[in-house]
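One structure is given below, encoded as structure tokens.
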Amino acid sequence: MTPILEIAKAHKLYVVEDAAHSLPASYEGKKMGTIGDITCFSFYATKTITTGEGGMATTENSEWAERMRMMSLHGISHDAWKRYTKEGSWYYEVHCPGFKYNLTDIAAAIGIEQLKKCNQFWEVRKRIATIYDEAFANLPEIQLSFCRSNMQHAWHLYVIQLALERLRINRNDFIKALREKGIGTSVHFIPLHLHPYYCDKFGYKPADFPNASSAFERIVSLPIYPRMTEADVESVIGAVSKIVKQNRR
Ligand SMILES: Cc1ncc(COP(=O)(O)O)c(C=O)c1O
């Protein structure tokens, strides 16, 4: 983020961050949501805290915050409410052609309670990540995620990369073998340039983005979630280790 912010400053640009996976990460002692000009969080069902659907934007700029509030609900000015009537009055003014992007009150109520548990959820995920790290450290077929010392990883996902040159199976077969042992995994994500729409629209080929294509072939997200028991974690470790050992070159 430091170089990104420097470049933005030099060119008088604003930095809007996608922090959908980053709660509660931090960077050089600063929590996500306090670094860029605007930071966007996702509270979709799969995220580190959830409101079922929806999200949150943070900014230090009160003008932008007010604008976001207004545009998220039909462009209705809240100032107009305050200025002319008591709060809760029938009166309102539409100042802009806004959207219907508001979080429902029910979702917000869930979010407030979820937020209280955010660090507690993180502690569990962090512990699971540490157990995985230690268990896989001796398997050269598995490349682990790392976190620099000046950062806190949110551990929303635990992504490993397979050293395919050391294995006789590819990533898809690896996932299939895990599934056969009752372990559900996923791949985060399929790069945009491999999706039909982007291939058709922009003529992209896999080789156009060789790093993304190569990482995509090797990545697997292992289970990590607060309700995971130690036995669950051990079962994942056992399955991964067994598949690796059975398929070593
Ligand atoms: C990196 C990233 N950004 C943004 C989103 C979108 O989140 P939402 O649609 O909940 O705002 C996602 C959802 O998975 C994501 O993974």
Side-chain angles (χ1 to χ4, degrees), residues 19-27 32 42 44-50 117-195 206-207 209-249:
H21 290 207
S22 306
L23 194 68
S26 64
Y27 174 79
M32 289 297 132
S42 168
Y44 182 63
T46 56
K47 297 303 195 300
T48 55
I49 65 167
T50 183
K117 299 178 193 163
C118 184
N119 289 336
Q120 179 193 327
F121 290 162
W122 177 80
E123 294 284 350
V124 184
R125 290 197 309 273
K126 159 92 178 142
R127 211 168 102 70
I128 296 168
T130 307
I131 299 172
Y132 277 154
D133 281 352
E134 284 166 7
F136 300 139
N138 296 326
L139 293 179
E141 293 82 3
I142 302 220
Q143 196 183 318
L144 303 176
S145 297
F146 68 96
C147 184
R148 294 195 186 110
S149 57
N150 60 346
M151 299 176 196
Q152 173 174 303
H153 198 307
W155 295 117
H156 165 48
L157 299 172
Y158 188 89
V159 180
I160 58 167
Q161 290 196 51
L162 301 178
L164 293 175
E165 62 287 357
R166 292 174 178 268
L167 289 165
R168 285 183 286 110
I169 50 169
N170 62 23
R171 190 272 318 276
N172 293 357
D173 289 337
F174 187 84
I175 287 179
K176 212 166 135 201
L178 279 172
R179 181 179 282 260
E180 279 161 12
K181 292 183 187 300
I183 313 282
T185 58
S186 195
V187 173
H188 296 88
F189 287 96
I190 304 172
L192 284 187
H193 72 286
L194 302 181
H195 285 283
F209 298 92
N211 292 331
S213 296
S214 156
F216 169 60
E217 296 291 325
R218 294 142 45 87
I219 52 176
V220 183
S221 303
L222 298 182
I224 185 163
Y225 53 92
R227 287 227 172 152
M228 217 175 161
T229 62
E230 288 216 358
D232 293 333
V233 180
E234 287 308 322
S235 139
V236 174
I237 291 168
V240 167
S241 307
K242 194 163 182 189
I243 295 164
V244 164
K245 282 172 191 162
Q246 281 171 346
N247 292 282
R248 274 192 171 131
R249 270 191 200 280

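Heavy-atom basis, side chains included; hydrogens, waters and symmetry copies ignored.
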(message) Determine whether Ile49 and Phe121 satisfy the following criterion, side-chain contact (heavy atoms from CB on, under 4.5 Å), listing intermediate values before the conclusion.
(response) CA-CA 8 Å; Ile49 65 167; Phe121 290 162; 4.1 Å; yes
(request) Evaluate the criterion side-chain contact (heavy atoms from CB on, under 4.5 Å) for residue pair Asp173 and Asn247; output intermediate values, then yes/no. (result) CA-CA 11 Å; Asp173 289 337; Asn247 292 282; over 6 Å; no
Can I get a per-line list of side-chain donor-acceptor pairs under 3.5 Å for residues 174-187, giving both atom names and the distance, sequence neighbours left out?
none

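At distances below 3.5 Å, not a single donor-acceptor pair connects side-chain atoms of Arg125 with backbone N or O atoms of Tyr158.
When the side-chain contact (heavy atoms from CB on, under 4.5 Å) test is applied to Pro206, the partners found at least two apart in sequence or on another chain are Leu194, Ser213. Taking the ring pair (Phe, Tyr, Trp, His ring centres under 6.0 Å) definition, one finds that Phe136 meets it with Tyr132, sequence neighbours left out. In terms of the side-chain contact (heavy atoms from CB on, under 4.5 Å) criterion, residue partners of Gln152 (sequence neighbours excluded) are, by chain and number, Pro24, Ser26, Trp122. For the side chain to side chain donor-acceptor pair (under 3.5 Å) test, no residue two or more places apart in sequence or in another chain qualifies with Tyr225. Residues satisfying the side chain to side chain donor-acceptor pair (under 3.5 Å) criterion with Asn138, sequence neighbours excluded, are absent altogether. Listed by chain and residue number, Gln161, Arg218 satisfy the side-chain contact (heavy atoms from CB on, under 4.5 Å) test with Gln143 (two or more places apart in sequence, or in another chain). In this structure Phe189 satisfies the ring pair (Phe, Tyr, Trp, His ring centres under 6.0 Å) test together with His21, sequence neighbours excluded. The side-chain contact (heavy atoms from CB on, under 4.5 Å) check on Glu234 picks up Ile131, Ile237, with sequence neighbours excluded. For Asn172, there are no side chain to side chain donor-acceptor pair (under 3.5 Å) partners, not counting sequence neighbours. For His195, the side chain to side chain donor-acceptor pair (under 3.5 Å) test picks out no residue, with sequence neighbours left out.
A donor-acceptor pair shorter than 3.5 Å can be found between the side chains of Thr229 and Asp232.
In plain terms, the two heavy atoms of Leu23 and Cys118 that are nearest each other are CG-SG, 3.8 Å.
Counting only residues at least two apart or in different chains, salt bridge (Lys or Arg N to Asp or Glu O under 4.0 Å) contacts with residues 135-151 comprise Glu141-Arg248.
Around the CZ atom of Arg249, the shell of radius 6.0 Å holds more than 12 heavy atoms that belong to other residues, nucleotides or ligands.
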